Asker: 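Below is one structure. I have some questions about it.
Remember, predicted model here, so these are calculated numbers, not experimental data.
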Amino acid sequence: VQLQASGGGLVQAGGSLRLSCAASGLTFVIQTMGWFRQTPGKEREFVAAIRWLGGNTVYADSVKGRLTLSRETAKRTAYLQMDSLKPEDTAVYYCATAKDRKSWSTAMFTEATYDDWGQGTLVTVSS
């Protein structure tokens, strides 16, 4: 499985970006796709997740109301629309997929739940 994350870049505070994550080489049905982010010296933190077949979404409190996660199942691609960006959103953003049905639970917040990871895309928000 390959996950290709893209769409990162430099944006001013208050601006928007849309990240994409395209999955290829799948031999199983994705159950959950999660997004995490990481800044230097810090652990990777959960940002959002989507239940692949149902489209249900969950967000971290820090991004709720500003980020919107969606997917196109036929294209095996997910989109993380990021609005009202803040400098504290600056990080490398990673997408990841999980094939276990149990991933759609509190397990979604844990990195170990996910089987495959994208390479990450850098988002920089200037003040």
Side-chain angles (χ1 to χ4, degrees):
V1 177
Q2 288 189 330
L3 299 176
Q4 182 68 44
S6 61
L10 174 63
V11 64
Q12 288 188 331
S16 299
L17 282 174
R18 189 176 81 154
L19 307 184
S20 299
C21 180
S24 61
L26 289 167
T27 59
F28 56 86
V29 176
I30 299 171
Q31 297 297 328
T32 302
M33 177 176 280
W35 285 83
F36 289 73
R37 66 187 182 186
Q38 188 172 28
T39 54
K42 293 188 177 180
E43 293 186 354
R44 205 172 293 186
E45 66 170 352
F46 173 83
V47 174
I50 189 165
R51 193 172 194 177
W52 195 254
L53 295 181
N56 313 71
T57 52
V58 173
Y59 300 93
D61 288 343
S62 59
V63 305
K64 201 172 292 183
R66 301 187 298 114
L67 273 59
T68 304
L69 182 54
S70 62
R71 86 279 184 258
E72 289 188 72
T73 55
K75 293 185 178 180
R76 295 180 178 179
T77 301
Y79 306 98
L80 185 64
Q81 178 66 40
M82 309 171 71
D83 299 315
S84 302
L85 283 164
K86 303 175 181 180
E88 51 263 43
D89 294 318
T90 296
V92 177
Y93 285 72
Y94 298 89
C95 58
T97 54
K99 58 186 176 185
D100 191 328
R101 291 183 179 181
K102 294 179 182 178
S103 61
W104 190 251
S105 65
T106 54
M108 73 177 75
F109 305 123
T110 304
E111 291 182 61
T113 296
Y114 297 86
D115 304 292
D116 298 285
W117 290 79
Q119 83 286 3
T121 185
L122 176 62
V123 171
T124 304
V125 185
S126 63
S127 56

Asker: Quick check against the 3.5 Å criterion: does Thr110 have a side-chain atom that pairs as donor or acceptor with the backbone of Ala112?
Answerer: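 Checking the backbone N and O of Ala112 against the side chain of Thr110, no donor-acceptor pair under 3.5 Å is found.
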Asker: Distance check, rounded to the nearest 0.5 Å: Thr97 atom OG1 versus Asp116 atom CG?
Answerer: 4.5 Å
Asker: Which pair of non-hydrogen atoms, one from Trp35 and one from Ser20, has the smallest distance, and what is that distance?
Answerer: CH2-O, 3.8 Å
Asker: Over all heavy atoms of both residues, which pair between Glu111 and Trp117 is shortest? Give the atoms and the distance, please.
Answerer: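 It is O-CZ2, 3.6 Å.
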Asker: Measure across Ala13 and Ser127 and return the closest heavy-atom pair with its distance rounded to 0.1 Å.
Answerer: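 Closest heavy-atom pair between Ala13 and Ser127: CB-CA, 4.4 Å.
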Asker: Consider only side-chain heavy atoms of I, L, V, M, F, W and Y, link residues closer than 4.5 Å, and tell whether Trp104 and Leu26 are in one cluster.
Answerer: no
Asker: Please examine the side chains of Arg37 and Ser62, heavy atoms only from C-beta on, and report whether any two atoms are closer than 4.5 Å.
Answerer: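 Side chain of Ser62 against side chain of Arg37, heavy atoms only: contact under 4.5 Å found.
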Asker: Verify the cluster assignment for Trp52 and Met108: are they in a single hydrophobic cluster under the rule of side-chain heavy atoms below 4.5 Å apart?
Answerer: no
Asker: Quick check on the hydrophobic clustering: are Val123 and Val47 connected, directly or via other members, by side-chain heavy-atom contacts under 4.5 Å?
Answerer: yes
Asker: Taking atom OG of Ser24 and atom CD of Gln4, what is their separation to the nearest 0.5 Å?
Answerer: 8.0 Å
Asker: Say you draw a straight line from OG1 of Thr77 to CG of Leu3; how long is it, rounded to the nearest 0.5 Å?
Answerer: 10.0 Å
Asker: Answer yes when Asp61 and Lys64 have at least one side-chain N-carboxylate O distance shorter than 4.0 Å, and no when they do not.
Answerer: yes
Asker: Using the rule side chain to side chain contact (heavy atoms under 4.5 Å, CB included), only one of Leu19, Val11, Thr68 pairs with Met82; which is it?
Answerer: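 That would be Leu19.
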Asker: Between the side chain of Gln119 and the main-chain N/O of Ala5, is any donor-acceptor distance below 3.5 Å?
Answerer: yes
Asker: Go through it in stages, so that I can follow the logic: the residues are Tyr114 and Thr32, the test is side-chain contact (heavy atoms from CB on, under 4.5 Å), and I'd like the CA-CA distance, side-chain angles, deciding distance and then a yes or no.
Answerer: CA-CA 8 Å; Tyr114 297 86; Thr32 302; 3.9 Å; yes
Asker: Checking Arg76 side chain against Ala23 main chain: does a donor-acceptor pair fall under 3.5 Å?
Answerer: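 Looks like no, no N/O pair under 3.5 Å.
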Asker: So, taking the atom named CG in Leu69 and the one named CE in Met33, what distance separates them when rounded to the nearest 0.5 Å?
Answerer: 8.0 Å
Asker: Distance check, rounded to the nearest 0.5 Å: Thr57 atom OG1 versus Arg51 atom CZ?
Answerer: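 So the gap between those two atoms works out to 12.0 Å.
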Asker: Do Leu53 and Val1 sit in one hydrophobic cluster, given that two such residues count as connected whenever their side-chain heavy atoms are within less than 4.5 Å of each other, even indirectly?
Answerer: yes
Asker: Donor-acceptor pair, distance only, cut-off 3.5 Å: does the side chain of Arg66 make one with the backbone of Ser84?
Answerer: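 Yes, because the side chain of Arg66 sits within donor-acceptor range (under 3.5 Å) of the backbone of Ser84.
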Asker: Measure the CG-CD distance between Leu17 and Gln81 for me, rounded to the nearest 0.5 Å.
Answerer: 8.5 Å
Asker: Would you say Asp115's side chain and Lys99's backbone share a donor-acceptor pair under 3.5 angstrom?
Answerer: yes
Asker: Check whether Ser103 reaches the backbone of Thr113 with its side chain - one donor and one acceptor, N or O, closer than 3.5 Å.
Answerer: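 No, because the side chain of Ser103 does not come within donor-acceptor range (under 3.5 Å) of the backbone of Thr113.
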Asker: Of Tyr93, Tyr94, Phe46, which meets ring pair (Phe, Tyr, Trp, His ring centres under 6.0 Å) against Phe36?
Answerer: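 Among Tyr93, Tyr94, Phe46, the one meeting ring pair (Phe, Tyr, Trp, His ring centres under 6.0 Å) with Phe36 is Phe46.
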Asker: Can Val125 be reached from Leu122 by stepping across I, L, V, M, F, W or Y side chains whose heavy atoms are under 4.5 Å apart?
Answerer: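 They do not share one cluster, since no chain of ILVMFWY contacts under 4.5 Å joins Leu122 to Val125.
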Asker: Determine, stepwise, if the pair Leu67 / Leu80 fulfils side-chain contact (heavy atoms from CB on, under 4.5 Å).
Answerer: CA-CA 7 Å; Leu67 273 59; Leu80 185 64; 4.0 Å; yes
